[in-house]
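Every value quoted in this text rests on a predicted model; they were computed, and no experiment measured them. If you read the sequence from its start, that first residue is 1, and numbering goes on from there. Atom set for the values below is all heavy atoms of this structure, side chains included, hydrogens, waters and symmetry mates excluded. Counting starts at 1 for both ligands and their atoms, following the listed order.
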Amino acid sequence: MTGGAGPSRREWVAGAAGLIAAGPAAARAPLTAPPRGGFLWGTAISAHQSEGNNWASDSWLLETIRPTAFKDPSGDACDSYARYAEDLDIAASLGLNCYRLGIEWARIEPVEGQFSEAALDHYVRVLQACRARGLLPIVTYNHFTVPLWFAMRGGFEVADAADLFARFCARATARLGPLIGMASTFNEANIVLLRKVLPRFASDAAAANARAMVAAAARRTASPAFSSMLFGDPDRISAVMLDAHAKGAAAIKAGPGDFPVGVTLSMQEIQGVGPGHRAREAERTIYGGWLEAARAADFVGVQTYSRLRIDAKGLMPPEAGVPLTDMGYENYPSAIGATIRYAAAAIGRPIYLTETGIAATDDAVRARFIDATVAEVARCKAEGIDVRGYLYWSLLDNFEWTAGYAKRFGLVAVDRRTFRRTIKPSAHTLAAHARANRL
Ligand code: BGC
């Protein structure tokens, strides 16, 4: 196993071997040159948010039941399950050298213990298509959604969930491992813990509505234990997910394949304000055991969107005068440098900025955010921090969870009826940085 190295020539060759091992169609795929310069430039996206019609997942039920916390159902999403080649063509045309994507557990194991070879074939084709375009595939094994059957039996709130996740990791790796460039078990493994710090500004009505949604799903499926990662009990979920990460990472590392395996964390800059502020306490709450878990991983994926200001009472509202993103939190790109420094000091493993981005109707705001991100990463590198990649969230305007389709992070607009992709000017801002490759 590689100890967290970037896409060295050795890894590229291992990937090429994987293409050949994957079968005759793959062997015919043209191999492009290895990613230049080592630094990874890319975009990130998840399966549920882009593929569409993920009807065997827990989220599909929660989006379509009443009451629901979701503004829109995911529906067809960006139809990327069918249109992945077009998406990859766009990413390659922008001069990027990696592509972070998810594989969907609910498609691969739609019924407990029943694995879909056809779904795995699909992801083999997607990963081959990445390789064929010189895009190192960075695979997320879980990005929030789980199979409905798994949520019905208690999701990550029951201890044996860790073994079921590890079994999925093993089965997926058996087919996909030879093609994978890098992998993470969980996306933002600590996401549930963030809810413990945010309640001061989540309205009681929204929280009650989310509880009613989960209760309705439990009734509809006759599953009193129904649990979904984004809405369940943070402490119980976290404990089981830590075990699931350890077991899942071991299963992935058992191969086949030879690539770094890490975990990505939601890392916002946490600023203490005023006497008796509780910023350090908030940090302990938000990261739980995940800093330690990340210390044992090949790399950590830092995912930063803004900062959190914490006073003696808890989370504060945005500061007057600081511009807001379309999500309603501060447009505050220097948080990116802050979290990279925090991760370097607290974790000490190679860092990839696996997500950062901005929901902005005005694309010029996004372009400036990208410039600011590159400047932050450049400063961190100049300080000697081992940052090895920057992946913008997201390639496409996609399903923004409970906020639905109105919040647009994409470098590329997607027509909701025809799925036509239109590249925005900010995509060329990222492309110019990737081509200059100054990091
Ligand atoms: C998640 C994405 C999400 C993005 C923007 C991250 O927390 O990984 O799924 O769309 O933030 O909100």
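- Classification of the His143-Trp401 ring pair by plane angle, with boundaries at 30° and 60°, yields parallel.
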Between Phe168 and Phe115, does the ring pair (Phe, Tyr, Trp, His ring centres under 6.0 Å) criterion hold? Intermediate values first, please.
CA-CA 9 Å; Phe168 155 67; Phe115 290 84; 7.5 Å; no
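- Note that Arg107 lies in the cation-pi zone of Tyr81, set by a 6.0 Å cut-off to the ring centre and a 45° limit from the axis.
- Ring pair Tyr405/Phe399: centre-to-centre distance below 6.0 Å.
- Aromatic ring centres of Trp105 and Phe165: separated by under 6.0 Å.
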Any protein N/O atoms within less than 3.5 Å of an N/O atom in ligand 1? List the atom names and distances, or say none.
{"unit_1": "ligand 1", "atom_1": "7 (O)", "unit_2": "Glu188", "atom_2": "OE1", "d": "2.6"}
{"unit_1": "ligand 1", "atom_1": "7 (O)", "unit_2": "Glu188", "atom_2": "OE2", "d": "3.0"}
{"unit_1": "ligand 1", "atom_1": "8 (O)", "unit_2": "His143", "atom_2": "NE2", "d": "3.1"}
{"unit_1": "ligand 1", "atom_1": "8 (O)", "unit_2": "Asn187", "atom_2": "ND2", "d": "2.9"}
{"unit_1": "ligand 1", "atom_1": "8 (O)", "unit_2": "Glu355", "atom_2": "OE1", "d": "3.0"}
{"unit_1": "ligand 1", "atom_1": "8 (O)", "unit_2": "Glu355", "atom_2": "OE2", "d": "3.0"}
{"unit_1": "ligand 1", "atom_1": "9 (O)", "unit_2": "Gln49", "atom_2": "OE1", "d": "2.8"}
{"unit_1": "ligand 1", "atom_1": "9 (O)", "unit_2": "Gln49", "atom_2": "NE2", "d": "3.4"}
{"unit_1": "ligand 1", "atom_1": "9 (O)", "unit_2": "His143", "atom_2": "NE2", "d": "2.8"}
{"unit_1": "ligand 1", "atom_1": "9 (O)", "unit_2": "Trp401", "atom_2": "NE1", "d": "2.9"}
{"unit_1": "ligand 1", "atom_1": "10 (O)", "unit_2": "Gln49", "atom_2": "NE2", "d": "2.9"}
{"unit_1": "ligand 1", "atom_1": "10 (O)", "unit_2": "Trp393", "atom_2": "NE1", "d": "3.3"}
{"unit_1": "ligand 1", "atom_1": "10 (O)", "unit_2": "Glu400", "atom_2": "OE1", "d": "2.7"}
{"unit_1": "ligand 1", "atom_1": "11 (O)", "unit_2": "Tyr305", "atom_2": "OH", "d": "3.4"}
{"unit_1": "ligand 1", "atom_1": "12 (O)", "unit_2": "Glu400", "atom_2": "OE2", "d": "2.6"}

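- The six-membered or imidazole ring of Tyr287 lies near that of Tyr342, with a centre-to-centre distance under 6.0 Å.
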